[in-house]
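Let me begin by presenting the structure, written as structure tokens, before commenting on it.
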Amino acid sequence: MSIYDFGKIARREFLRSLGLGAAALAVPDCLSGAVQKPGRSGGKLPNVVIIFTDDQGYQDVGCFGSPLIKTPNLDRMACEGVKFTDMHVAQAVCGASRAALMTGCYPNRIGLLGAPGPNCRHGIHEDEMTIAELVKQKDYATAIFGKWHLGDNPRFLPLQHGFDEYFGLPYSNDMWPKHPTHGDKFPPLPLIEGDKAIEHNPDQSQLTTWYTERAVKFIDKNKERPFFLYVAHSMPHVPLFVSDKFKGKSKRGLYGDVIMEIDWSVGQILKALKRNGLDENTMVIFTSDNGPWLSYGDHGGCALPLREGKGTMWEGGQREPCIMRWPGRIPAGTVCQEPAMTIDLLPTIARLTKTKLPKHKIDGKDIWPLMAGEAGAKCPHEALYLYYGTELHAVRSGKWKLHFPHKYRTLAGRRGGTGGKPVKYSSGHTDWALYDLERDVGELYDVAKEHPDIVERLKKLGNKSIEEIKRNRREPGRIGKKNLRI
């Protein structure tokens, strides 16, 4: 049976389970069944760990329905914490998504769109406040191990934006001379430590291991002070690489091997926290930057039962698997079905670390009541605005999602490539289209004609967002110009 057949089975089972109620669908299959008692942090400021993968599909975690990939550590995280089934990224592309996570802003507000490549002339502005800079108000130790993608000039690298340590790639791992279709456009891929390249075209089969070893060492070193750790895996973005520890281990092929190694990495981080007595004072968040790169077929992930993937603002492009764990503070084995977005993490972390938000406008909202499972907690946003590039593609409000007319890339029912070679996308187009995501998470049935009042309300909200961001847009940092904002 092929991976595509398994995907069809998973979709059928998902849609069938909708009839049993969404809550039953989303409950994790807890392995231990143990009920955790509330812990005490002794008044210490909490540690924060964000684990951010690259191009991982919504279904590519065991507790999110993967039929072929085993993820025991992520499943355990869900058993010991909360699973967000409706978590979104701001844009379904690497750089813009990371800009939103780090700053709590829509990428359009801060001028960081797309996926900046080598020697890009722009990057994150020095006046933006990252999560690392936020927690520096309380003297946190800070580190990023993995992919940055907010500009590769030293001026834009992590050490200039609140991080004490950096080890990883400045942009995507396919931006190198071995790219299957555009290799001649890229210089050697730098592996950076601090602000300097220590190697070029590194052995990518060791990246996940290296990032994990650095993360564990950082936890061990900073166990006596509060810390913020950002593990931004380069995988499972193509080209796929895995260490010998997991090569050939998954029924899902190389892609599954890569996810299994990421799951191992999560386990190593959780073990380090436990070994150092930090479990009950550390919030761990796992999610991804956007959906799967479907044109790569067997080297890409699976977003079922969602529609499309990376590079689109259909649910498969920007709804991500998300798990949060904090024993004693986040109730174990719970599920949050309210919409939220990665822009919400910065203001939530500000609340928990008792730090002050930046003076400039941000777009994220505090979602701690959702994380903590407070009775009656709802999404704090009137609407979430789903831009792609400079265009607003959709507006999400409650269970409703309105697509604005736009073109999008699609395989149009065709299979993706094999062995790391992509196929070409076709061009699709949608007109105004309204979806009830509670009943139709796959965005199959346009109900705009049945709900003209909802369409009109979301149109007005979307147009208002476009005008507001246009009036209040901030410039990114640029090379060759003073980083001044007038």
Side-chain angles (χ1 to χ4, degrees), residues 2-26 56-60 64-67 84-89 92 290-295 297 300-321 337-339 383-386 388 391-416 425-459 462:
S2 74
I3 61 171
Y4 307 100
D5 296 323
F6 272 106
K8 292 175 183 176
I9 292 171
R11 184 183 183 88
R12 286 201 303 269
E13 291 302 316
F14 181 94
L15 295 174
R16 182 186 303 164
S17 66
L18 285 177
L20 302 176
L25 165 71
Q56 186 167 355
Y58 186 78
Q59 194 192 71
D60 295 332
F64 277 81
S66 178
F84 275 73
T85 61
D86 207 350
M87 176 61 73
H88 301 263
V89 295
N290 52 245
W293 206 336
L294 297 178
S295 65
C302 177
L304 289 176
L306 310 178
R307 181 172 173 177
E308 300 296 343
K310 169 178 175 166
T312 79
M313 298 311 284
W314 298 97
E315 292 295 285
Q318 45 80 32
R319 186 191 290 218
E320 293 304 313
Q337 296 171 305
E338 286 292 309
L384 294 170
Y385 300 99
L386 305 175
Y388 192 75
E391 297 181 349
L392 181 64
H393 280 198
V395 174
R396 172 73 186 277
S397 182
K399 69 177 184 177
W400 300 107
K401 182 177 179 183
L402 177 69
H403 280 267
F404 282 45
H406 67 269
K407 293 180 179 179
Y408 62 94
R409 68 190 195 185
T410 180
L411 292 181
R414 294 178 292 117
R415 293 186 177 186
Y425 283 105
S426 302
S427 180
H429 179 270
T430 182
D431 206 335
W432 296 102
L434 180 70
Y435 299 95
D436 177 351
L437 295 183
E438 282 186 3
R439 306 181 70 177
D440 177 25
V441 74
E443 296 174 285
L444 300 174
Y445 306 105
D446 176 13
V447 294
K449 291 182 180 179
E450 291 88 339
H451 301 280
D453 54 331
I454 302 295
V455 171
E456 191 60 30
R457 179 172 71 87
L458 297 190
K459 276 186 182 180

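Computed from heavy atoms alone, side chains included, the values below leave out hydrogens, waters and symmetry copies.
Arg396 places a side-chain heavy atom less than 4.5 Å from the side chain of Asp86. Two residues are said to be in side-chain contact when any heavy atoms from C-beta on lie closer than 4.5 Å; Tyr408 and Arg307 meet this criterion. Annotation: side chain of His451 is not in contact with side chain of Asp436 (no heavy-atom distance under 4.5 Å). When side chains are defined from C-beta on, Asp60 does not count as touching Pro321, because their heavy atoms never get closer than 4.5 Å. A heavy-atom distance below 4.5 Å is not found between the side chains of Val395 and Leu384. The closest side-chain heavy-atom distance from Arg439 to Val447 is not below 4.5 Å.
Residues Thr410 and Gly428 approach most closely at CG2-N, 3.9 Å, considering heavy atoms. In terms of heavy-atom proximity, Leu392 sits nearest to Phe404 at O-CB, 3.6 Å. Here the shortest heavy-atom pairing between Leu304 and Tyr58 reads O-CD2, 4.1 Å. Taking all atoms of both residues into account, the shortest heavy-atom contact from Lys310 to Ala92 is CG-O, 3.8 Å. Annotation for Leu402 and Val455: closest pair CD2-O, 3.6 Å, computed over non-hydrogen atoms.
A distance-only check finds no donor-acceptor pair linking the side chain of Tyr435 to the backbone of Asp440 [under 3.5 Å]. Without hydrogens or angle criteria, Asn290 side chain to Gln318 main chain gives no donor-acceptor distance under 3.5 Å. With Glu443 contributing its side chain and Glu315 its backbone, the two residues share a donor-acceptor pair below 3.5 Å. Formation of a donor-acceptor pair under 3.5 Å by the Gln56 side chain with backbone atoms of Gly291 is not found in this model.
A side-chain donor-acceptor contact under 3.5 Å links Arg414 and Ser426. Side-chain polar atoms of Asp431 and His429 form no donor-acceptor pair below 3.5 angstrom.
Ring pair Trp314/His393: centre-to-centre distance not below 6.0 Å.
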